[in-house]
S.K.: 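If you scroll down you'll find the structure; I have some questions about it.
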Amino acid sequence: MRKTYDPHAPIAVLDSGVGGIGVLREVKRQLPNEQLLYFGDSANAPYGERPREALLVLIESHAARLLSRCKALVLACNTATAVAAAELRARYPHTPIIGMEPALKPALSVCPHPHILVLATETTLREAKFEALAARFASEAHILPLPAPGLVRLVEAGLGDSAKADAYLRQILAPLGDARPDAVVLGCTHFPFAARAIRRVLGTEIPVFDGATGTARELARQLSTRGLRTPATAPGRVMLTTSAPDRLPLYRLFWKKTATNIVASAQKPLP
Ligand code: DGL
């Protein structure tokens with residue numbers, strides 16, 4: 001297995017589809033001179049609806065291909081992280097493999113003992129990784145995990161900010177009744193692209209948290225400690241690729257959208 005330790009090599013950013021583009025944007029913001037190679041596996045999305053073993057094989061094959069030319073891998077997908085991060089780190093011990101996890105910690109700061117709604121895929125919420133995370137904060141917050149698989153499909157179809165997204169959210173949130181959480185954690189990288197719909201349904205003031213900033217920061221830290229930061233002094237290229245080439249126009253659109261700050265950033269209400 002070839003490994004690339006070349007600081008000039010690109011960084012791979014992998015997701016099941018368009019969701020990871022929000023993470024890609026944050027990586028670009030924090031590491032502007034790095035070359036970035038995005039791969040969205042829209043042909044196989046949603047990952048959250050795939051059996052664990054099949055998903056692991058799929059992610060491992062994408063990782064092997066990407067790491068044959070990239071110096072680091074960002075799993076810009078909570079589901080892929082929950083299922084494959086440990087295996088990939090064992091297989092590539094000298095390569096930075098950065099994952100995502102629901103940003104529970106920053107959400108704790110909204111008020112004492114907050115009610116935190118965690119929206120994610122079923123797989124993410126079922127995996128031991130999330131159980132351990134929720135257990136860590138169980139004494140400080142009331143955590144309400146809620147799978148929202150339909151939201152992944154809506155975002156993949158470019159409908160994250162639509163009446164259909166509002167209707168879907170109303171339906172899955174109905175069991176909460178009038179109770180409103182104090183904060184929402186987006187535990188799926190597709191969901192920041194539905195942040196406006198989430199705020200329309202839950203209230204425009206509700207603080208929304210995602211994990212992109214922390215993931216990009218951890219990537220920067222690991223590249224630095226391993227001497228893998230690019231020596232380039234000019235902005236690096238961003239390459240958008242996908243297993244479903246007909247979706248590429250949507251990928252480009254999402255990349256442009258993130259530039260105008262459609263993606264919710266932690267804490268800041270959207271304009
Ligand atoms: N974007 C992914 C995540 O963060 C997965 C969505 C899916 O394909 O189900 O979990």
Side-chain angles (χ1 to χ4, degrees), residues 12-27 38-59 62-63 73-86 88 97-104 117-131 133-134 145-160 165 168-169 172 184-195 197-198 208-216 218-219 240 242-244 247 250-251 254-255 257-258 262-264 266:
V13 180
L14 166 69
D15 180 39
S16 63
V18 290
I21 292 175
V23 182
L24 181 72
R25 172 62 65 188
E26 187 56 27
V27 171
Y38 185 81
F39 176 70
D41 195 10
S42 285
N44 293 302
Y47 275 5
E49 292 176 26
R50 292 190 166 264
R52 188 181 203 286
E53 281 315 306
L55 192 50
L56 186 55
V57 170
L58 190 63
I59 296 165
H62 292 321
L73 173 63
V74 178
L75 294 169
C77 174
N78 294 70
T79 310
T81 303
V83 167
L88 291 175
I97 311 270
I98 317 299
M100 312 274 316
E101 68 176 21
L104 282 181
L117 178 69
V118 184
L119 296 174
T121 66
E122 260 188 277
T123 307
T124 298
L125 297 175
R126 205 178 41 222
E127 287 289 317
K129 203 168 184 300
F130 179 73
E131 247 174 57
L133 183 73
L146 185 66
L151 209 49
V152 177
R153 288 183 178 276
L154 285 163
V155 171
E156 275 294 303
L159 295 171
Y168 173 74
L169 284 161
I172 63 165
V184 183
V185 169
L186 305 180
C188 170
T189 53
H190 279 65
F191 297 171
F193 291 101
I198 291 167
V208 176
F209 297 87
D210 72 46
T213 308
T215 295
E218 178 58 17
L219 169 68
L240 296 175
T242 166
S243 55
R247 315 292 308 280
L250 188 71
Y251 279 54
F254 271 57
W255 175 245
K257 267 191 189 179
T258 60
I262 291 289
V263 170

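Start at 1 with the first residue, then count along the sequence. Counting starts at 1 for both ligands and their atoms, following the listed order.
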S.K.: Tell me the protein heavy atom at minimum distance from atom 7 (C) of ligand 1, and give that distance in Å.
M.R.: Tyr47 N, 3.3 Å
S.K.: If you define the side chain from C-beta out and look only at heavy atoms, does anything of Pro46 sit under 4.5 Å from Arg153?
M.R.: yes
S.K.: Under 4.5 Å between any side-chain heavy atoms of Ile59 and Leu14, yes or no?
M.R.: yes
S.K.: Provide, to 0.1 Å, the distance between atom 10 (O) of ligand 1 and the closest protein heavy atom, together with that atom's residue and name.
M.R.: Thr79 OG1, 2.6 Å
S.K.: Closer than 4.0 angstrom: is that true for some heavy atom of Gly48 and an atom of ligand 1?
M.R.: yes
S.K.: Please report the interatomic distance CZ(Arg247) to CZ(Phe254), rounded to the nearest 0.5 Å.
M.R.: 8.5 Å
S.K.: Just which atoms of ligand 1 are under 4.0 Å from any heavy atom in Val152?
M.R.: 6 (C), 7 (C), 8 (O), 9 (O)
S.K.: Considering only heavy atoms from C-beta outward, does the side chain of Thr81 approach that of Glu101 to under 4.5 Å?
M.R.: no
S.K.: Output the list of atoms in ligand 1 that are nearer than 4.0 Å to some heavy atom of Asp15, sorted by atom number.
M.R.: 1 (N), 2 (C)
S.K.: Which residue and non-hydrogen atom of the protein lie closest to atom 2 (C) of ligand 1, and at what distance in Å?
M.R.: Cys77 SG, 3.2 Å
S.K.: Report yes if some heavy atom in the side chain of Cys77 is under 4.5 Å from a heavy atom in the side chain of Met100; otherwise report no.
M.R.: no
S.K.: Consider side-chain contact (heavy atoms from CB on, under 4.5 Å). Of Leu146, Leu125, Thr124, which one does Leu119 pass it with?
M.R.: Leu146
S.K.: Residue-level breakdown please: for Asn78 versus ligand 1, do any non-hydrogen atoms fall below 4.0 Å on the side chain, on the backbone, on both, or on neither?
M.R.: both
S.K.: Which residue in the set Asn78, Asp41, Thr121 passes side chain to side chain donor-acceptor pair (under 3.5 Å) when paired with Tyr47?
M.R.: Asp41
S.K.: Under a 4.0 angstrom heavy-atom cut-off, which atoms of ligand 1 come close to Pro46?
M.R.: 7 (C), 8 (O), 9 (O)
S.K.: Check ligand 1 against Thr121 and write out every atom of the ligand that is under 4.0 Å from a heavy-atom position of the residue.
M.R.: 6 (C), 9 (O), 10 (O)
